[in-house]
Asker: 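Quick one: this structure, given as structure tokens, is what I'll be asking you about.
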Protein chains: 2
Amino acid sequence: MALRLADHIGIENVSMRKLAAELGVTAMALYRYYGSVDEIQVAALALAFTEVDTHPIPGERWDDTIRRTTSSIREMYLNHSTAHLHTVESTGADPGMEEHIQRVYKLHEDQGIPAPILRKAWRIIDAYMGGFILGETDEVQHRSKLPHEETAETWRETAAGAYSEETFHDGIEIIIAGIRAMAEPDPCDWHTPEDPR
Amino acid sequence: MALRLADHIGIENVSMRKLAAELGVTAMALYRYYGSVDEIQVAALALAFTEVDTHPIPGERWDDTIRRTTSSIREMYLNHSTAHLHTVESTGADPGMEEHIQRVYKLHEDQGIPAPILRKAWRIIDAYMGGFILGETDEVQHRSKLPHEETAETWRETAAGAYSEETFHDGIEIIIAGIRAMAEPDPCDWHTPEDPR
DNA sequence: ACCTGAACACCGTTCAAGT
DNA sequence: ACCTGAACACCGTTCAAGT
């Protein structure tokens, strides 16, 4: 499959010809199933997203759901860091990605988060995740070939060590705090309903 | 120059051969000045970043500095939205980008923000900016060719309208609020010093 | 010093042709 | 229905050769 090949050589190097060769077939045969090489890329990305933990946990609080799902997404990208999935330009309009977005959205909707809060929270988390993953996978990529000076200035240190699990959670906590501040005076005790049956 | 050509055809379509033709020269001549096509891309990105407003304003408060510089970066990317600069993979290690990072970092350092606060704030803002710009420029790109259904479900609406000036500022405000919460009980009255001369 | 031409090893995609 | 071969119009990059 395209994702396995991407793990080996990077998604940007998955060409019609190489993928076809891997499948023991000619490149042109792939056009029966995918319209272009970009379509194969977003299909591989959507497949990777099926590995993300988005199942509902009865009684789970909304902020714990955010911590769990965002961590799972980050881990998925790290697991496939050699595949450079962050370089895939997904419009979000393709069916595989839509399914994932819808699943997470429903999770929070069912928790009873008011729609305007959810909208704003969604947007900032989406942007933060995208940026963090972009930066972190790039850094994982280039870390080894950096000069790694001991006498680095503070600003350089900050820019270079910008990505780690701790940093990721710091950001998520800041955002959760910001959402609480935004929702005031709502006590924010939204949570996944207990299993009704 | 490469940036002008990128504005016309998109940076990902700026090839050695096309750029050389534009300059009335052969593609191979460019290798005297740039080692590869990727080098030309980050040079174009660095050039675009010189358009960003990062000058110090005596007396300006730290949060206003954040609002000003982040807005300016976003506007720069929007001004060059046809160039798809967000697709450029910059390691941050190239001289042009380093200069920009250093300038903004010093701005906040001179305001007296404590180093640990600045580090955390920098990281989350960097990630948020990266993700927002990635999402917004992609959306600007694909907006016209989306189905644009009137009967869209809420989740789809949220994902689609995720990027606008208002949304951008909402996110920045949430982050600023989060930084204040993180710094407590510090009153956070950091600001650019008055001109000493 | 600076530029060129030809070449190499690739791409994505189309399309008529095969079974 | 599904796959192939050949072709087209591109790439980035190398390198010996020109002035």
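Residue numbers start from 1 in every chain, and the chains themselves are labelled A, B, ... in the order their sequence lines are given, proteins ahead of strands.
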Asker: Taking CE from A:M16 and C1' from C:dC10, how many angstroms apart are they, rounded to a whole number?
Answerer: 16 Å
Asker: Just the rounded figure in Å: distance from C1' of D:dG12 to CD of A:E12.
Answerer: 15 Å
Asker: At less than 4.0 Å, is any side-chain N or O atom of A:Y33 found next to OP1 or OP2 of D:dC3? Yes or no.
Answerer: yes
Asker: Which is more 5' along DNA chain D, the nucleotide nearest B:R32 or the one nearest B:G35? Just name the residue.
Answerer: B:G35
Asker: Does OP1 or OP2 of D:dT13 have a side-chain N or O of B:Y34 closer than 4.0 Å?
Answerer: no
Asker: Starting at CG of B:L19 and ending at P of C:dC3, how long is that distance when rounded to a whole Å?
Answerer: 13 Å
Asker: If you measure from the Lys or Arg side-chain nitrogens to the Asp or Glu carboxylate oxygens, is any gap between A:E22 and A:K18 under 4.0 Å?
Answerer: no
Asker: Expressed in angstrom and rounded to an integer, what is the separation of A:N13 atom CG from D:dC11 atom P?
Answerer: 18 Å
Asker: When you check the phosphate oxygens OP1 and OP2 of C:dT13, does a side-chain N or O of A:Y31 lie under 4.0 Å from one of them?
Answerer: yes
Asker: Could you work out which one of D:dC3, C:dT4, C:dT13 sits closest to the side chain of B:M28?
Answerer: C:dT4
Asker: With the side chain of B:V25 defined as its heavy atoms from C-beta on, choose the nearest nucleotide among C:dC3, D:dT13, D:dC3.
Answerer: C:dC3
Asker: Measure CG/B:L23 against P/C:dT4 and give the value in whole Å, please.
Answerer: 11 Å
Asker: Would you indicate whether B:H169, at its atom NE2, is surrounded by more than 12 heavy atoms from other residues, nucleotides or ligands within a distance under 6.0 Å?
Answerer: yes
Asker: With a 4.0 Å cut-off on N to O distance, would you call B:D64 and B:R68 a salt bridge?
Answerer: no
Asker: Need the pair for C:dA16. Rule: Watson-Crick or G-U wobble, both distances under 3.5 Å, any strand; none if unpaired.
Answerer: D:dT4
Asker: Choosing from C:dA7, D:dA7, C:dC3, which nucleotide comes nearest the side chain of B:R17?
Answerer: C:dA7
Asker: Distance from B:I124 atom CD1 to A:D170 atom CG, nearest 0.5 Å?
Answerer: 8.5 Å
Asker: Just N and O in the side chain of B:S15: are any of them under 4.0 Å from OP1 or OP2 of D:dC11?
Answerer: yes
Asker: Figure out the CG/C1' separation between B:L30 and C:dT4, and round it to whole Å.
Answerer: 12 Å
Asker: If C:dA9 has a Watson-Crick or G-U wobble mate with both distances under 3.5 Å, name it; if not, just say none.
Answerer: none
Asker: So does A:D126 pair up with A:R123, basic N to acidic O under 4.0 Å?
Answerer: no
Asker: For C:dC10 and A:K18 - does any side-chain N or O of the residue sit under 4.0 Å from the phosphate oxygens OP1/OP2?
Answerer: no
Asker: Can you check the A:Q41 CD to C:dC11 P distance for me, whole Å?
Answerer: 13 Å
